[in-house]
Amino acid sequence: QVQLVESGGGLVQAGDSLRLSCAASGRSFSGYVMGWFRQAPGKEREFVASISRSGDSPYYVDSVKGRFTISRDNAKNTVYLQMNSLKPEDTAVYSCAASQAVAAFTTPRLYQYWGQGTQVTVSA
């Protein structure tokens with residue numbers, strides 16, 4: 001299995017940027033599809049972005065497309081989520097997740113391993 005630890009969250013103003021990091025340890029990092037999810041109070045966990053094992057196939061939920069960028073550095077066992085032009089509706093706990101599936105999926109249930117989450121709060 002793989003252990004995941006997120007960092008980089010914080011309190012920012014609307015329009016600001018943050019970069020989240022997800023550091024992985026354990027089984028080979030490059031063997032996993034990686035995803036970012038978020039959960040706001042009173043809402044279901046929501047898919048944000050995913051990236052293939054090679055890093056060639058990023059995918060985003062429509063609400064963040066053009067503002068967020070997912071990337072990975074397999075040599076450093078790390079996945080990143082660059083978040084620009086943040087909006088109050090981006091406020092949530094952001095979690096990274098790892099999937100052993102052969103393709104990237106948006107449903108949380110297809111990701112076997114999860115980090116503890118990092119809080120992102122955007123004020124306006």
Side-chain angles (χ1 to χ4, degrees):
Q1 66 180 62
V2 62
Q3 293 79 46
L4 307 172
V5 179
E6 304 95 335
S7 62
L11 172 62
V12 299
Q13 300 262 33
D16 285 352
S17 296
L18 282 173
R19 188 178 77 157
L20 306 183
S21 298
C22 174
S25 62
R27 204 176 76 82
S28 178
F29 173 73
S30 62
Y32 296 91
V33 173
M34 299 298 298
W36 286 97
F37 294 79
R38 64 188 181 187
Q39 187 168 26
K43 293 187 176 181
E44 296 290 325
R45 181 167 286 164
E46 175 192 26
F47 169 81
V48 177
S50 66
I51 190 165
S52 68
R53 291 167 173 85
S54 67
D56 290 336
S57 301
Y59 183 77
Y60 305 92
V61 66
D62 285 347
S63 60
V64 309
K65 193 172 296 183
R67 299 188 298 121
F68 291 11
T69 302
I70 187 171
S71 61
R72 68 190 296 164
D73 186 340
N74 287 343
K76 294 186 177 297
N77 288 358
T78 303
V79 174
Y80 306 95
L81 186 68
Q82 178 67 46
M83 304 185 295
N84 298 328
S85 301
L86 282 161
K87 305 174 180 179
E89 51 262 45
D90 295 319
T91 295
V93 174
Y94 284 71
S95 301
C96 68
S99 175
Q100 294 178 280
V102 297
F105 295 95
T106 62
T107 176
R109 307 219 72 167
L110 292 174
Y111 290 79
Q112 290 78 39
Y113 307 105
W114 293 81
Q116 82 288 351
T118 185
Q119 177 71 47
V120 172
T121 302
V122 185
S123 63

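Predicted model, so just to flag it, every value in this text is computed and none were measured. Index from 1, following the sequence.
In terms of modelled atom types and a separation under 3.5 Å, the side chain of Gln39 and the main chain of Ala92 share no donor-acceptor contact. For Asp16 (side chain) and Leu11 (main-chain N/O), no donor-acceptor pair under 3.5 Å exists by modelled atom type. Panel note: side chain Arg45, backbone Ser95; no donor-acceptor pair is recorded below 3.5 Å. Using a distance-only test at 3.5 Å, with no hydrogens or angles considered, a donor-acceptor pair links the side chain of Thr91 to the main chain of Val122. Put simply, the side chain of Gln112 gets close to the backbone of Gln100: a donor and an acceptor are under 3.5 Å apart. Side-chain atoms of Gln116 come within 3.5 Å of backbone N or O of Glu6 as a donor-acceptor pair.
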> Under the side chain to side chain contact (heavy atoms under 4.5 Å, CB included) criterion, do Leu20 and Met83 qualify, and how do the steps go?
Replying inline: CA-CA 8 Å; Leu20 306 183; Met83 304 185 295; 3.7 Å; yes
> Passes side chain to side chain contact (heavy atoms under 4.5 Å, CB included), Phe105 versus Val33? Steps please.
Replying inline: CA-CA 9 Å; Phe105 295 95; Val33 173; over 6 Å; no
> Stepwise, does the side chain to side chain contact (heavy atoms under 4.5 Å, CB included) test hold for Cys96 with Val79?
Replying inline: CA-CA 8 Å; Cys96 68; Val79 174; 5.8 Å; no
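Ala98 approaches Val2 most closely through the heavy-atom pair CB-CG1, 3.8 Å. In this structure, Ser17 and Asn84 approach most closely via the heavy-atom pair OG-OD1, 2.9 Å. Taking each heavy atom of Phe29 and Asn77 in turn, the nearest pair found is CB-OD1, 3.3 Å. In this structure, Met34 and Cys22 approach most closely via the heavy-atom pair CE-SG, 4.3 Å.
Rounding to the nearest 0.5 Å places CD of Gln82 at 8.5 Å from CG of Leu18. To the nearest 0.5 Å, the span separating CG on Asp73 from OG on Ser30 amounts to 11.5 Å. One distance of note links OG of Ser99 with OH of Tyr32; it measures 9.5 Å at 0.5 Å rounding. Interatomic distance, CZ of Phe68 versus OG of Ser63, reported as 7.5 Å (0.5 Å rounding). Between the CZ atom in Arg19 and the OG1 atom in Thr69 there is a gap of 11.5 Å [rounded to 0.5 Å].
Between Tyr111 and Phe37, the ring planes lie perpendicular to each other; the angle is over 60°, past the 30° to 60° tilted range.
Of the listed residues (Asp90, Val93, Val120, Leu81), just one forms a side chain to side chain contact (heavy atoms under 4.5 Å, CB included) with Arg38, and that residue is Asp90.
The shortest distance between side-chain heavy atoms of Arg67 and Tyr60 does not fall below 4.5 Å.
Tracing side-chain contacts under 4.5 Å through hydrophobic residues (I, L, V, M, F, W, Y), one reaches Tyr59 starting from Tyr94; they form part of the same cluster.
More than 12 non-hydrogen atoms from other residues, nucleotides or ligands lie less than 6.0 angstrom from NZ of Lys65.
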